[in-house]
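This report concerns only the one structure given below.
Reckoned from all heavy atoms, side chains included, excluding hydrogens, waters and symmetry mates.
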Protein chains: 2
Amino acid sequence: MGRRSDHSREELRELFVAQGHALLSEVGFVRFSAREVAKQVGYSVGTIYNVFGSLDALMVEVNGRTLDMWIAFLEARLSACEDGAARLDAAIGAYFDFALGHRHAWTALYDFRLPDGSESPAFYREKVATITGVIVREIAAVLPVSVRERAVPLARSLLASVHGHCFFALNGTFAMLGEDDPLAAAKARVADSVACAISGR
Amino acid sequence: MGRRSDHSREELRELFVAQGHALLSEVGFVRFSAREVAKQVGYSVGTIYNVFGSLDALMVEVNGRTLDMWIAFLEARLSACEDGAARLDAAIGAYFDFALGHRHAWTALYDFRLPDGSESPAFYREKVATITGVIVREIAAVLPVSVRERAVPLARSLLASVHGHCFFALNGTFAMLGEDDPLAAAKARVADSVACAISGR
DNA sequence: GCATTTAATTGATCGCCGTTCAATTTAAAA
DNA sequence: TTTTAAATTGAACGGCGATCAATTAAATGC
């Protein structure tokens, strides 16, 4: 119906991203559909392509919102953690609890992939870097200064380890293999590597 | 055209699974299509449903074939490994090299999920258990008898760690975070935990 | 206030997809 | 040879992402 004044371009983006996130959270990535989001927002499919340029671009925004929620969740947990030594474990617990509490949204972070050759936009990479930065900070805090330069590569690596544990917990692999406490296993692996780093190897 | 004699039921299964695996390997999970597999095999879509019951069942068979290849690859690498101490690293290398060499097929192992509530068939679970068993054996081999009972949970956990590293290597997360040697990081994490286990904590 | 320009919005259209199932064809059984 | 049973087909259905000519409403110029 032409350039309408009921919503600005920014309001429109917000509507689509918020509703997209809600739909994704409800039905999961495989049942997510642009048509359905548009219908729920009260616009037609074409408007998504007008506002975002592509469905992929909307998906990146929706996943970006999940990352925002994850960052907030992680920082809330950490700021409620009095004991300095327990902060790393709290971060791992937050990783798991967020994934478990937002199954569909969290899974979509990894199920959705941009076409080969195109990379994530800067705003998305920055959100991922923020999460990584939190972990780098916490790792650095438990390392003696003599090995503190290892914090960055160690944080990346431990993030991958924890991710693997969380992924296997959610996709049923751990259940299949008889592991009934994936979180404890993840914490133990992180503790192993931190202990090794502290003792200089 | 009715019960044809050009292929037995078993031959038909083999044709579909083999061609399905080839198509999956070529185009990846998102572009995989039942119609296309059927066309390439020279039958029509309906035959897939007649032979396998559902597209999901065909997908499980195709993923099962990927697991078969993975097991064979892993065991070939290990049997070419003279040095006993290097076997664990060889297994990790095999994990990465298989995933890198069969990107689409390997990724589909995790992108494809059965509907909520239904679990993988026994034959599939056994293949996963076989891979796990190999890792359990290699872990057990490097542990002193005093802590050998830890081999099973440790193997599951280290499998998850390596998976996380491999996943981040393939999906670009590590590149995004500046990690340029994910394999080395994975090996280091495994070494950390094995060292901790050997020293009894 | 009216006409013109510009931009937003629509939804039909296209070519795919998975899934179903009546109709057909073929081999085996009687 | 007829009958029965099983295998195979492909049209049909509903839904998807993507495109884009047509339409509508606001902004601009007069």
Side-chain angles (χ1 to χ4, degrees), chain A residues 1-17 19-21 23-24 26-63 104 108 111-118, chain B residues 1-17 19-21 23-24 26-63 104 108 111-118:
Chain A
M1 313 198 172
R3 183 198 291 170
R4 303 200 306 203
S5 57
D6 26 349
H7 299 111
S8 73
R9 213 124 222 278
E10 274 320 301
E11 285 171 336
L12 224 41
R13 290 186 79 90
E14 173 56 28
L15 282 173
F16 277 108
V17 174
Q19 198 57 239
H21 195 274
L23 178 63
L24 177 65
E26 187 192 341
V27 305
F29 182 64
V30 294
R31 281 196 259 281
F32 181 88
S33 116
R35 283 180 145 91
E36 184 60 27
V37 177
K39 193 207 287 184
Q40 293 185 2
V41 171
Y43 279 78
S44 74
V45 223
T47 300
I48 288 180
Y49 289 85
N50 182 34
V51 173
F52 295 92
S54 70
L55 183 53
D56 281 358
L58 170 59
M59 273 307 307
V60 172
E61 298 265 8
V62 169
N63 278 348
H104 285 150
D111 283 346
F112 171 72
R113 258 153 264 157
L114 259 0
D116 289 344
S118 66
Chain B
M1 313 202 172
R3 184 197 290 171
R4 302 200 306 204
S5 56
D6 27 350
H7 299 111
S8 73
R9 212 125 223 279
E10 274 320 300
E11 287 171 335
L12 224 40
R13 291 186 78 90
E14 172 56 28
L15 282 173
F16 278 107
V17 174
Q19 198 57 240
H21 195 274
L23 178 63
L24 177 66
E26 186 191 342
V27 305
F29 182 63
V30 294
R31 282 197 258 279
F32 181 88
S33 118
R35 283 181 146 91
E36 184 60 27
V37 177
K39 193 207 286 183
Q40 293 185 1
V41 171
Y43 279 77
S44 75
V45 223
T47 299
I48 288 180
Y49 288 84
N50 181 34
V51 173
F52 295 93
S54 70
L55 184 53
D56 282 357
L58 170 58
M59 273 307 307
V60 173
E61 298 265 9
V62 168
N63 277 348
H104 285 150
D111 282 346
F112 170 72
R113 257 152 264 156
L114 258 1
D116 289 344
S118 67

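If you measure from atom CG of B/L23 to atom P of C/dC16, you get 15 Å, rounded to the nearest angstrom. Look at NZ on B/K39: it is 16 Å from C1' on C/dG18, rounded to the nearest Å. One atom, CZ of B/R9, and another, C1' of D/dA6, lie 9 Å apart when rounded to the nearest Å. Protein atom CE of A/M59 is 15 Å distant from nucleotide atom P of D/dC16, rounded to whole Å. The distance from atom CG of B/L15 to atom C1' of D/dT8 is 15 Å, rounded to the nearest whole Å. Distance B/Y43 OH to D/dA6 C1': 14 Å, rounded to the nearest Å.
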(request) Take nucleotides 17-22 of chain D nucleotide by nucleotide from the 5' end and write B, S or -, depending on whether a protein heavy atom sits under 4.0 Å from the base, only from the sugar-phosphate, or from neither. (result) BBB---

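Taking CD1 from B/I48 and CE from B/M59, the interatomic distance works out to 11.0 Å, rounded to the nearest 0.5 Å. Note: A/L15 CG to A/Y43 OH = 7.0 Å, rounded to the nearest 0.5 Å.
Residue contacts shown for A/I48 are absent, as no nucleic acid heavy atom lies under 4.0 Å away. At the heavy-atom level, B/L58 lies nowhere under 4.0 Å from the strands shown.
Of the side-chain N and O atoms in A/R31, none sit less than 4.0 angstrom from OP1 or OP2 of D/dC16.
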Taking only distance into account, with no hydrogens and no angle test, what donor-acceptor pairs under 3.5 Å do side-chain atoms of residues 27-34 of chain B form with protein atoms, sequence neighbours excluded?
| residue | atom | partner | partner atom | Å |
| --- | --- | --- | --- | --- |
| B/S33 | OG | B/R35 | N | 3.4 |
| B/S33 | OG | B/E36 | N | 3.0 |

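Listed by chain and residue number, A/R65 satisfy the salt bridge (charged side-chain N to carboxylate O under 4.0 Å, His left out) test with A/E14 (two or more places apart in sequence, or in another chain).
Contact annotation: the side chain of B/Y49 approaches that of B/L55 to within less than 4.5 Å [non-hydrogen atoms, C-beta and beyond].
Closest approach to the A/N50 side chain among C/dA8, C/dT10, D/dT8 is made by C/dA8 (side chain taken as heavy atoms from C-beta onward).
When every heavy atom of A/A38 is checked against every heavy atom of A/V45, the shortest pair comes out as CB-N, 3.8 Å.
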